[in-house]
**Student:** 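Handing you this structure, nothing more for now.
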Number of protein chains: 2
Amino acid sequence: MAKLTIRDIAALSGVSKSTVSLVLNNSPKVDPATRRHVLAVMRRNRYVPSFAATALAKGSTRLIGMVVPGLSWHMVASINIGVAAVTERSGFDIILYTATNDRDYGSLIDRILTSSMVSGLLVVSHEQPLEPLVQLHSDGLPVVLVNTIDADVALPSVTADNYDGALTAMDHLLQLGHERIACVQGRMVYRCCQDRYRGYLDALRSAGIQPDPELTKPGDFLPEQIRARSRELFALPPDQRPTAVFAHSDVTAYAVMTAAAEAGLRVPEDVSVIGFDDIESAAQIRPPLTTIQQPFVDMGKRAAEMLLEAIGPADDVPEEEPADERPRLVMPTSLIVRASCGPVPVTRSPRGRSQTTSKA
Amino acid sequence: MAKLTIRDIAALSGVSKSTVSLVLNNSPKVDPATRRHVLAVMRRNRYVPSFAATALAKGSTRLIGMVVPGLSWHMVASINIGVAAVTERSGFDIILYTATNDRDYGSLIDRILTSSMVSGLLVVSHEQPLEPLVQLHSDGLPVVLVNTIDADVALPSVTADNYDGALTAMDHLLQLGHERIACVQGRMVYRCCQDRYRGYLDALRSAGIQPDPELTKPGDFLPEQIRARSRELFALPPDQRPTAVFAHSDVTAYAVMTAAAEAGLRVPEDVSVIGFDDIESAAQIRPPLTTIQQPFVDMGKRAAEMLLEAIGPADDVPEEEPADERPRLVMPTSLIVRASCGPVPVTRSPRGRSQTTSKA
DNA sequence: CTGAAAGCGCTTACAG
DNA sequence: CTGAAAGCGCTTACAG
């Protein structure tokens with residue numbers, strides 16, 4: 001069971017090591033008959049070239065690194081599905097770095113990644129500092145960021161259009177006649193949440209509605225806090241109580257719905273709730289959640305494609321010009337209409353706000 | 001920015017390559033002063049040894065492979081958290097193989113894994129053929145299986161105690177007075193589902209209740225099918241209708257609850273529903289789901305520990321004796337009581353079954 | 001189209 | 001405690 005080497009294959013097929021190597025690398029300069037023969041010998045002996053030796057000799061690996069903030073997020077899992085789909089058929093394997101604690105994030109970056117183990121890096125960014133990545137990128141390592149990203153970072157990226165998604169969510173609510181729409185925020189240090197909140201505000205304003213600060217609640221993606229803040233919302237006097245809630249995530253929406261139920265409010269009869277993400281259970285809960293779907297799988301695919309393109313065709317790596325184009329892909333979201341949003345309750349429908357919307 | 005090599009460090013610190021290598025490998029035969037000095041030089045120049053060269057020279061990598069059936073499952077994500085927690089502090093990195101399609105599973109195994117890229121393999125098994133793994137294992141590659149596994153496979157493994165979990169779930173229901181308890185099955189080709197079903201049957205029998213075949217429904221983890229089969233359950237005449245449902249997964253339970261709502265039945269007043277898994281949203285939905293928690297994170301930790309132990313301390317790899325002990329760890333589950341199960345509806349409570357349970 | 005040779009960056013006996 | 005040398009298994013000009 002001793003591992004076979006290229007030398008063994010050479011001996012077994014009666015050619016030199018060089019020739020074996022050439023067939024390994026699909027060189028056109030090998031006689032077709034020779035190649036077939038060598039290939040057959042390799043197959044018969046279940047020969048697999050040593051990964052390490054190949055990497056050393058070539059100076060590059062068929063490995064791309066993927067840095068994620070834990071796998072338990074629906075987002076990360078979905079992105080990975082997309083990434084895996086494209087890396088799979090490109091012969092690349094992915095090595096996974098779970099950057100759990102911020103502490104060693106920096107060292108992770110320059111420890112492992114400088115060891116030239118990886119020919120490219122996919123980062124599902126988080127709250128981590130981005131400078132080390134910028135550094136790496138300008139040193140010539142292909143890097144692409146997925147999901148949250150600060151607009152001013154000079155790195156290729158693919159994100160979802162959170163602003164537009166929020167606009168769409170709000171339009172849905174607005175068209176159902178809602179005017180007092182609350183917003184339960186996510187983690188506001190995230191760019192994506194900031195964008196969603198801007199969308200909330202802008203949608204309101206362009207409908208001629210002055211945002212009521214009292215209807216904005218922090219949630220920080222913490223179920224406890226979300227429930228507490230939602231309770232405040234639902235404890236408001238009937239004429240001030242929101243008739244709809246825009247939650248910054250589906251799980252946030254669940255907690256809002258729980259609070260609603262505790263307050264004796266029915267969804268969607270008494271209060272409409274819209275989420276963001278479209279996680280798997282969104283269709284399964286009662287009532288099925290209306291939400292904004294983020295195209296995570298596609299985002300993963302596109303990101304992987306961008307990265308592979310940047311890595312280039314194995315050989316002609318243009319060391320000198322690190323592809324100064326920094327593509328930013330912003331992917332559209334979609335409104336998934338299920339049952340958690342309904343028309344504004346009739347008993348309260350036309351209320352005396354200072355302005356009237358131009359919408360139905 | 002040219003990558004520094006051990007030679008550069010040697011030159012910069014005025015010692016030989018060997019010495020640098022020795023400090024790299026924490027050899028005790030290096031003068032402490034020399035070591036400090038070399039270390040300082042390395043740090044100052046941000047030197048990182050080449051992964052490929054180290055792997056080639058040592059004949060082994062600090063990489064462990066993890067084969068998973070897609071990341072979108074809660075289970076896989078949680079297991080990975082555990083795995084990452086232990087590999088992280090052991091200096092191992094994990095390379096992730098997402099075995100999406102069965103087709104290339106076999107080739108995946110012997111392609112990549114034989115290339116000696118990986119010093120151990122963690123497999124979150126699925127419906128995949130296990131023979132290639134057994135082969136690999138007897139060839140000396142440490143392998144450990146996580147989660148589903150056939151009892152007769154001669155491989156180290158860590159699984160959850162699905163049988164006992166089912167027993168616990170059923171006991172909970174039984175103690176609430178339920179006698180007509182339905183079971184909505186998962187994918188019955190999975191060992192775990194078979195175990196859960198055995199638990200269901202045995203719990204019933206040891207409570208003196210003859211299982212009613214009509215109360216067992218296939219679901220196969222398919223929401224559509226689950227809903228359809230549940231509808232049949234709830235359409236039964238009131239005296240034959242189940243008062244409780246044991247679902248083989250939380251998501252299955254969600255679909256059952258949806259069907260119940262559609263049938264005008266309240267949970268838990270009219271029908272109790274218990275799940276299996278304890279996924280994140282289980283606490284968030286309405287009503288919060290009572291369920292059996294599987295210790296996925298711990299399972300991942302234990303599996304990683306077993307694997308690292310099998311890999312051993314880098315050097316003394318006992319090539320000859322491939323550790324013939326094949327530990328099987330079966331980890332306990334826990335009952336998480338929330339609000340989806342209640343006492344049997346009073347209007348129906350003492351019904352004329354042929355047998356009476358000995359329980360309250 | 002094929003072979004001999006040097007080299008990728010480390011590790012590991014072996015001398016000293 | 002430290003150095004010179006061979007070797008890990010490939011790849012890649014360079015001859016032929």
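In what follows, chains are A, B, ... by sequence order, proteins preceding strands, each numbered from 1.
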**Student:** Could you pull out all residues at least two apart from A:L56 that satisfy side chain to side chain contact (heavy atoms under 4.5 Å, CB included)?
**Tutor:**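 Per chain and number, A:L56 pairs via side chain to side chain contact (heavy atoms under 4.5 Å, CB included) with B:A52, B:A53, B:L56.
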
**Student:** So how far is it from A:S157 OG to A:L130 CG, rounded to the nearest 0.5 Å?
**Tutor:**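 Going from the OG atom of A:S157 to the CG atom of A:L130 covers 10.0 Å.
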
**Student:** To the nearest Å, give me how far apart CD1 (A:I9) and C1' (D:dC10) are.
**Tutor:**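 The distance from CD1 of A:I9 to C1' of D:dC10 comes to 13 Å, rounded to the nearest Å.
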
**Student:** Counting just side-chain N and O atoms, does B:Y47 come under 4.0 Å of either OP1 or OP2 of C:dC10?
**Tutor:**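 Yes, within the criterion.
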
**Student:** Identify the heavy atoms of A:V124 and A:V76 that sit nearest to each other, and give their distance.
**Tutor:**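 Residues A:V124 and A:V76, closest heavy atoms: CG1-CG2, 4.3 Å.
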
**Student:** Could you tell me whether B:V20 contacts a base, only the sugar-phosphate backbone, or nothing, with contacts defined as non-hydrogen atoms closer than 4.0 Å?
**Tutor:**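 Counting heavy atoms under 4.0 Å across all strands, no contact is made by B:V20.
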
**Student:** Of all the heavy-atom pairs spanning A:S90 and A:R62, show the shortest one and how long it is.
**Tutor:**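 Distance-wise, the nearest heavy atoms are O-NH2, 2.9 Å.
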
**Student:** Using OP1 and OP2 only, check whether a side-chain N or O of A:T34 sits under 4.0 Å from C:dT2.
**Tutor:**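 True: A:T34 side-chain N/O within range (under 4.0 Å) of C:dT2 OP1/OP2.
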
**Student:** Starting at the 5' end of DNA chain C, what dot-bracket string do you get if Watson-Crick and G-U pairs under 3.5 Å are bracketed, crossing pairs use [ ], other-strand pairs use | and unpaired bases use dots?
**Tutor:** |||.||||||||.|||

**Student:** What is the distance, to the nearest angstrom, from the CZ atom on A:F51 to the P atom on D:dC10?
**Tutor:**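 Atom-to-atom, A:F51 to D:dC10, this comes out as 13 Å.
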
**Student:** Could you list the donor-acceptor pairs under 3.5 angstrom formed between side-chain atoms of residues 18-32 of chain A and any protein atom two or more places apart in sequence or on another chain?
**Tutor:**
from, atom 1, to, atom 2, distance (Å)
A:T19, OG1, A:S16, OG, 3.3
A:N25, OD1, A:K58, NZ, 2.9
A:N25, ND2, A:S21, O, 2.8
A:S27, OG, A:K29, N, 3.1
A:D31, OD2, A:A33, N, 3.0
A:D31, OD2, A:T34, N, 3.4

**Student:** Counting side-chain heavy atoms from CB outward, which of D:dG3, C:dG3, C:dT11 is closest to B:T19?
**Tutor:**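 Output: D:dG3.
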
**Student:** Taking only heavy atoms on the protein side, list every residue of residues 35-44 of chain A lying under 4.0 Å from any atom of DNA chain C, sorted numerically.
**Tutor:**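 Result for residues 35-44 of chain A: none.
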
**Student:** Detail all sub-3.5 Å separations between protein N/O atoms and N/O atoms belonging to nucleotides 4-8 of chain C.
**Tutor:**
from, atom 1, to, atom 2, distance (Å)
C:dA4, N7, A:S18, OG, 3.3
C:dA4, N6, A:S18, OG, 2.3
C:dC8, O2, A:A57, N, 3.4

**Student:** With sequence neighbours left out, write down each residue that passes side chain to side chain donor-acceptor pair (under 3.5 Å) with B:D298, or none if nothing qualifies.
**Tutor:**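 Once residues adjacent in sequence are excluded, B:D298 has no partner under the side chain to side chain donor-acceptor pair (under 3.5 Å) criterion.
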
**Student:** Under 4.0 Å between a side-chain N/O of B:S21 and OP1 or OP2 of C:dT11, yes or no?
**Tutor:**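 So the side-chain polar atoms of B:S21 do come within 4.0 Å of the phosphate oxygens OP1 or OP2 of C:dT11, strictly under.
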
**Student:** Between B:I81 and B:F296, is there a side-chain heavy-atom distance shorter than 4.5 Å?
**Tutor:**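 The answer is no, as the side chains (C-beta and beyond) never meet within the 4.5 Å cut-off.
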
**Student:** Pick out the pairs of N or O atoms, protein on one side and nucleotides 14-16 of chain D on the other, that lie under 3.5 Å.
**Tutor:**
none

**Student:** With sequence neighbours left out, what residues match A:S13 under side chain to side chain donor-acceptor pair (under 3.5 Å)?
**Tutor:**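 A:S13: no side chain to side chain donor-acceptor pair (under 3.5 Å) contacts found.
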
**Student:** How close do B:L307 and B:G120 get, heavy atom to heavy atom, and via which atoms?
**Tutor:**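 Closest heavy-atom pair between B:L307 and B:G120: CD2-C, 4.0 Å.
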
**Student:** By side chain to side chain contact (heavy atoms under 4.5 Å, CB included), which residues pair with A:L96, not counting sequence neighbours?
**Tutor:**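 By the side chain to side chain contact (heavy atoms under 4.5 Å, CB included) rule, A:L96 matches A:M66, A:V68, A:L71, A:T98, B:N80, B:I94, B:L96.
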
**Student:** Quick one: pull up CG in B:L329 and CZ in B:R302 and give me the separation to the nearest 0.5 Å.
**Tutor:**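 The CG atom of B:L329 sits 5.0 Å away from the CZ atom of B:R302.
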
**Student:** Looking only at heavy atoms, what is the nearest atom pair of B:F92 and B:L63, with distance?
**Tutor:**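 In this case the closest contact between B:F92 and B:L63 is CD2-N, 3.8 Å.
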
**Student:** List for me each residue that meets side chain to side chain contact (heavy atoms under 4.5 Å, CB included) alongside B:V86, sequence neighbours excluded, and say none if there are none.
**Tutor:**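 With neighbours one apart ignored, the set is B:R89, B:K301, B:A304, B:E305, B:L308.
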
